[in-house]
Amino acid sequence: RTLFSLFLLLSLSVTTMAQQNPQTLAYEAYLTTDLKAWQEAYQQLARAYEQSPAPSLQLELAKTAYGAISTCFANEDMDAAAEWVKRSERHTDDLLDQQPEHAEAKALLAGIYGMKIALKPIKGMVLGPRASRLLDEALETDPNCALAYYHRGTSAYNTPAQWGGSKEAALAAFQQARERYESGDTKQNWAYLNTLAWLGINHHALGQYTEAQEVYRHALQLAPDFGWVKFVLLPETEAALASN
């Protein structure tokens, strides 16, 4: 009976997942760091792309594969992260072959290079400058590209100061990314929530704990199940506030 119950629960979970659209699956995958949900979202998009190979679907495939990378890092599965990096880069390169001036694709490729550097820091000497150029080109094409500002923020945040990194510059970029996401549709937008998380992290790193707390609380108003903020980031900031 116990085995049957477990099988039934698993079957219901798989069926429910299959009934959700890729955007919802990706959103929930991000909130709960669920690699299976990322995989299902990716597979649904891949099937749709096979039937109708539109550039917009190619971009969604690339972004979904990119989103899965962060979950692999959270789960400390570097081999899986490397595989998702390859998928995301392949789709992004294919899109840029079709549309060389696609701003969001250039911004995404810069982010992919950042993930490749995280996996093998020695690649930073070559890929770092390439990523920077891609972000400049993306913002020249589209000054309102939120993804480009987000990746400019992560680059400035994670680059050592002696190599041009700056927490202050990162904060400005994250704030610009937030403004641009909020000028559009933020419903079930995991990239927007990710921007809020990193904005809060940046505030915390600068000792701006009240500002970080405000950002995290806003994120949880939008997504109460945002585990990274709820169980890790906000408690760290509240502990820092309490100790001041």
Side-chain angles (χ1 to χ4, degrees), residues 24-38 63 66-78 80-81 84-85 111 114-121 124 128 146-182 186-244:
T24 300
L25 280 168
Y27 183 74
E28 293 183 358
Y30 175 75
L31 292 180
T32 60
T33 59
D34 184 348
L35 192 58
K36 289 183 179 179
W38 281 119
K63 290 167 71 173
Y66 180 86
I69 300 167
S70 61
T71 290
C72 294
F73 273 102
N75 295 336
E76 299 182 356
D77 189 344
M78 299 301 104
W84 283 104
V85 164
M115 290 296 192
K116 294 177 81 169
I117 293 168
L119 287 167
K120 290 187 177 181
L147 190 61
Y149 281 111
Y150 165 76
H151 284 305
R152 180 170 278 182
T154 58
S155 177
Y157 184 92
N158 290 301
T159 300
Q162 63 266 33
W163 296 105
S166 165
K167 296 293 190 296
E168 290 77 13
L171 184 68
F174 287 134
Q175 288 171 331
Q176 288 174 311
R178 177 184 183 175
E179 290 171 4
R180 282 154 180 80
Y181 275 123
E182 290 178 347
T186 58
K187 185 178 180 181
Q188 290 194 339
N189 187 335
W190 66 266
Y192 167 59
L193 290 180
N194 195 44
T195 296
L196 291 180
W198 275 97
L199 176 59
I201 289 169
N202 207 143
H203 277 305
H204 183 105
L206 291 171
Q208 300 168 359
Y209 304 128
T210 300
E211 291 85 347
Q213 184 184 54
E214 290 173 353
V215 172
Y216 293 147
R217 286 179 174 175
H218 176 63
L220 289 175
Q221 286 178 347
L222 299 171
D225 296 327
F226 194 172
W228 187 24
V229 169
K230 186 175 183 179
F231 300 116
V232 180
L233 299 179
L234 180 58
E236 286 178 352
T237 290
E238 290 181 335
L241 276 169
S243 65
N244 277 0

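- With sequence neighbours excluded, the residues forming a salt bridge (Lys or Arg N to Asp or Glu O under 4.0 Å) with Lys63 are Glu60, Glu104, listed by chain and number.
- For Arg180 (side chain) and Gln176 (main-chain N/O), a donor-acceptor pair under 3.5 Å exists by modelled atom type.
- In plain terms, the two heavy atoms of Gly67 and Trp190 that are nearest each other are CA-CH2, 3.5 Å.
- In terms of heavy-atom proximity, Leu31 sits nearest to Ala223 at CD2-CB, 3.9 Å.
- Residues satisfying the salt bridge (Lys or Arg N to Asp or Glu O under 4.0 Å) test with Glu214, not counting sequence neighbours, are none.
- Shortest non-hydrogen contact noted between Ala74 and Thr33 is CB-CG2, 4.2 Å.
- Annotation: salt bridge (Lys or Arg N to Asp or Glu O under 4.0 Å) contacts involving residues 189-203, sequence neighbours excluded, are absent.
- Under the side chain to side chain contact (heavy atoms under 4.5 Å, CB included) criterion, Glu76 pairs with no residue, sequence neighbours left out.
- Here the side chain of Thr195 pairs a donor or acceptor atom with the backbone of Ala191 at under 3.5 angstrom.
- Residues Lys120 and Lys116 have side chains not in contact (no heavy-atom distance under 4.5 Å, counting atoms from C-beta outward).
- Annotation: side-chain hydrogen bond (donor to acceptor under 3.5 Å, both in side chains) contacts of Glu28 (sequence neighbours excluded): Gln20.
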task = Verify side-chain contact (heavy atoms from CB on, under 4.5 Å) between Phe226 and Leu196, making sure each step is shown before the conclusion.
result = CA-CA 11 Å; Phe226 194 172; Leu196 291 180; 5.8 Å; no

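- Checked by atom type and distance alone, the side chain of Tyr216 pairs as donor or acceptor with a backbone atom of Gly200 at under 3.5 Å.
- In this structure a side-chain-to-backbone donor-acceptor pair under 3.5 Å is missing from Asp225 to Thr32.
- In this structure, Ser70 has no side-chain hydrogen bond (donor to acceptor under 3.5 Å, both in side chains) partners at least two apart in sequence or on a different chain.
- Residues Thr24 and Tyr27 have side chains not in contact (no heavy-atom distance under 4.5 Å, counting atoms from C-beta outward).
- Residues His203 and Glu211 bring no donor and acceptor atom of their side chains to less than 3.5 Å of each other.
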Listing, residues 150-157 side-chain donor-acceptor contacts under 3.5 Å, not counting sequence neighbours, or none:
from	atom 1	to	atom 2	distance (Å)
Tyr150	OH	Asn194	ND2	2.8
Arg152	NH2	Asp136	OD1	2.6
Thr154	OG1	His151	O	3.0

inquiry  = Between Leu35 and Trp84, does the side-chain contact (heavy atoms from CB on, under 4.5 Å) criterion hold? Intermediate values first, please.
reply    = CA-CA 11 Å; Leu35 192 58; Trp84 283 104; 3.7 Å; yes

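- Between Lys187 and Leu222 the shortest side-chain heavy-atom distance does not fall below 4.5 Å.
- Shown here are the side chain to side chain contact (heavy atoms under 4.5 Å, CB included) partners of Asn75, two or more places apart in sequence or in another chain: Thr71.
- In this structure, OH in Tyr66 is found 10.5 Å from CH2 in Trp38, a value given to the nearest 0.5 Å.
- Residues passing the side chain to side chain contact (heavy atoms under 4.5 Å, CB included) test with Ala81, sequence neighbours excluded: Ile69, Cys72, Phe73, Leu119.
- The ring-ring contact (aromatic ring centres under 6.0 Å, His included) test applied to Tyr149 returns no partner, not counting sequence neighbours.
- Not counting sequence neighbours, Pro121 has no partner by the side chain to side chain contact (heavy atoms under 4.5 Å, CB included) test.
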Please output the side-chain donor-acceptor pairs of residues 227-244 that fall under 3.5 Å, not counting sequence neighbours, one pair per line with the distance.
from	atom 1	to	atom 2	distance (Å)
Thr237	OG1	His204	ND1	2.9
Thr237	OG1	Leu233	O	3.4
Ser243	OG	Ala239	O	3.4
Ser243	OG	Ala240	O	2.9

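- You'll find the side chain of Asn202 reaches within 4.5 Å of the side chain of Leu206, heavy atoms only.
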